[in-house]
2 protein chains.
Amino acid sequence: MSEALSSAPTPRKRNDRYEEAAVQAGRTGGKALAAKGSKLRTKRAQATLKEVAELAGVSQMTVSRALNAPEMVRKPTRERIQRAVEELNYRPNLMARSLAAGRSLFIGVGYNNPSSAYLSELLLGALRTCRSAGHHLVVEELPESAVGDPEALAGKLRDSGLDGLILAPPLSENAEVAAAVSGIGIPVVLLSPGEGTSTAMRIGIDDERAALLMTRHLIGLGHRRIAFIAGPEGDFQSAERRRGFERALDEANLPTDQALIAGGAYTYRSGMDAAASILSAAAPPTAIFAANDDMAAGAVAEAHRRGLRVPEQLSVAGFDDTSLASTIWPSLTTVHQPIAEMASRAVLLLGDAGSQSDAAYQLDVEIIERESVAPPPQEV
Amino acid sequence: MSEALSSAPTPRKRNDRYEEAAVQAGRTGGKALAAKGSKLRTKRAQATLKEVAELAGVSQMTVSRALNAPEMVRKPTRERIQRAVEELNYRPNLMARSLAAGRSLFIGVGYNNPSSAYLSELLLGALRTCRSAGHHLVVEELPESAVGDPEALAGKLRDSGLDGLILAPPLSENAEVAAAVSGIGIPVVLLSPGEGTSTAMRIGIDDERAALLMTRHLIGLGHRRIAFIAGPEGDFQSAERRRGFERALDEANLPTDQALIAGGAYTYRSGMDAAASILSAAAPPTAIFAANDDMAAGAVAEAHRRGLRVPEQLSVAGFDDTSLASTIWPSLTTVHQPIAEMASRAVLLLGDAGSQSDAAYQLDVEIIERESVAPPPQEV
DNA sequence: CTTGGAAGTGGTAGCGCTAACACAAAACGA
DNA sequence: TCGTTTTGTGTTAGCGCTACCACTTCCAAG
């Protein structure tokens, strides 16, 4: 894997006409020497603290303080430094800072097999915050085999030299894994955790409330017969979402028709099957709310197969706002989780020595209205 | 954004019973002192080079060499060091190494609006290689507005202090952007670039060949009337893919029926429309090959809507292997690009001072056989 | 006036590692 | 035998930054 380049399929030059230009352009834009150039490129003539200090006529320490704790430096000094910083286009060297301060963390992101949409948002959010907080992100794929043996997993993580760990779902829902991992002596944040009882920090959303909100939205539009496609039996999140759904129905004094509740497995296909069963009911619904987007998309497919137009004849709502939701036609009205922000929080939490190891945060969700939901057809 | 934590929705403790356990567990697993613990956590009693050197009875330098250039150290010495390393569970401090060697790069990943599947694979590949090469990844979202003004974009990147830049599609297909960016004086790698002529390194796949392979696969299965759903007019990749498709047809002495070639816009909906037009042809095809997965999925939807079973009555093939391909039912047979490896290569390329600034690599693709393709129905 | 203590600033000593050279010991040809 | 290389290892000097303590003012309290 790391020797990838050497075992490469023959690299083929597509254009030859750039040969000269390339050499001429050089890399640092200056000094045309040292074709071997092992070093030039990294020395991008970055201004250092020292230079800024000299230009501003103060000591390095003062500059450092002006940057890290501005309130400790008198205003005129601070402004002088500020000007020097701008003039030299100074940017602190994060590595040196980390090294000297000894305050930067290596944070692992343990993931298993999340949707790629989830993962990319997660990484983006974490990466951004790591950068600004001076931490470093280490991705750590934890395959099924590792999950099967929590002991080994903990051992592996223990000597990976990490200072903190973020566990993404579905890993974070696994109580065994959570327990094993929280025993390694480094702070752990569980994202969208299951109901486990490990001593780890938790960041998630209020699934019940999110489902309640979406169902209310549907009811507000005029729907009275609403079906729900649940996730697998025993799944914590699915149960929460279902609870929210039922509570909204109760609130509106609508009956809960068991024929309109079907179980799925979070997959597209299971959504199709569940929708098939629901749509075959004696009194079919005008809206279907699925516990995730994949099943919602499956429900749309099944509706189409039966010649039902979405959303004119049937509304379909999803949950998660995966890329699928905005890809298909009609695009799905769904519940969006602030994944990037959750990741960002997780990083901050790990970096904050003061955080309680049993803290739990719930972030707000957002209902994304797209094309798959509309008022029910007029029965008149 | 960075003050996220302070403006958080009220954190709610979910369990109180861990209060004690949390305190007791501590963070470093040892020394129960300093509850204020501002520092403890980062000083994970990591062994240093010095300690290893002492234990092994050699100088720090020798240990450093044993780690970075083993062939320079005599075998017995090396083994002694190796043992010390293991005993102390020593792991080099990457930050110190980077700082001292001055060899580590800050590499930016410029992206615009790629599919999240693409992005997450990209980030994963890049992150991994960055870690092992000691580089640092900086994600840089470049919104439409920035792309509209390549000058400003170049300026922004110029003083972002990056040492290298990786541009993901669709950004890398934009000739203006590529040109502007390659003028900033840092090495740039374009992923799946368009046909632009900027002096940047390029990593991609051979789109024509990939399409050729997939079409051959279809022909090999017995299909004789194969339709193609192209991307937008003028799109470089789409044109390449179409060329590959047509070449495979030629090879097999099959006619190219213009009624079986439709243009799309890379969207699900456009795939449905294109499929509708294709399936309405006087002599409909037994297989449809779409230039991307979204359109292929749209084609499947349209087929279903018309009551055609996939793949029994109609085969559908995609391109890109996005998450959509494995989500929908039936899952799509498609062309997989080694995105993580492309990213990994890109990082390596940027880190290798010897690489030509006009190098171009083409990686091999893989045909992923799933459920949407089968031999054509028997006409007997 | 002292004295004490902020508030603002500077000096020094590293953080953990590697580049560059210095040097000793072994290996070589003449 | 004596250079002369080669090979393996040690020494020194930082990389760019911050912790920590020392110092200078300046002002209020005694």
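Chain letters run A, B, ... following the sequence lines, proteins first, then strands; residues in each count from 1. Here the structure is a predicted model, which means the values were calculated and not measured.
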I need the CG-C1' distance between Asn93(B) and dC15(C), as an integer number of Å.
8 Å

Please find the pair of heavy atoms, one from Ala56(A) and one from Ala84(A), that lie closest to each other, and give the distance.
CB-CB, 4.0 Å

Output the single nucleotide from dT18(D), dT18(C), dC17(D) whose closest atom is nearest the side chain of Thr48(A).
dC17(D)

Does this structure show an ion pair linking Glu87(A) with Arg83(A), if we count only N-O contacts that are shorter than 4.0 Å?
no

In terms of heavy-atom contacts, does CD of Glu71(B) have more than 12 from other residues, nucleotides or ligands at under 6.0 Å?
yes

When the distance from CZ of Arg103(A) to P of dG16(D) is rounded to whole Å, what number comes out?
20 Å

What is the distance from CG of Leu67(B) to C1' of dG16(C), rounded to the nearest Å?
13 Å

Let me confirm one number: the CD-CG distance from Glu121(B) to Leu123(B), rounded to the nearest 0.5 Å.
10.5 Å

Just by distance, with hydrogens left out, do Ser344(B) and Thr129(B) show a side-chain donor and acceptor under 3.5 Å apart?
yes

OP1, OP2 of dT18(D) versus side-chain N and O of Arg97(A): anything below 4.0 Å?
yes

Pairwise N/O distances under 3.5 Å, protein to nucleotides 7-13 of chain D:
residue : atom : partner  : partner atom : Å
dT9(D)  : OP1  : Thr77(B) : OG1          : 2.4
dT9(D)  : OP2  : Arg74(B) : N            : 2.9
dG10(D) : OP2  : Ser59(B) : N            : 2.8
dG10(D) : OP2  : Ser59(B) : OG           : 2.9
dG10(D) : OP2  : Thr62(B) : OG1          : 2.4
dG10(D) : N7   : Arg65(B) : NH2          : 3.0
dG10(D) : O6   : Arg65(B) : NH1          : 3.4
dG10(D) : O6   : Arg65(B) : NH2          : 3.3

Between dC17(C) (C1') and Leu99(A) (CG): distance, integer Å
8 Å

Atom OH of Tyr90(A) and atom C1' of dG16(D): how far apart are they, to the nearest Å?
7 Å

Specify the separation, in whole Å, of atom CG of Leu105(A) and atom P of dC15(C).
19 Å

Which of these passes side-chain contact (heavy atoms from CB on, under 4.5 Å) with Val347(A): Met342(A), His135(A), Arg128(A)?
His135(A)

Rounded to whole Å, the NZ-C1' distance (Lys50(A) to dG10(C)) equals 15 Å

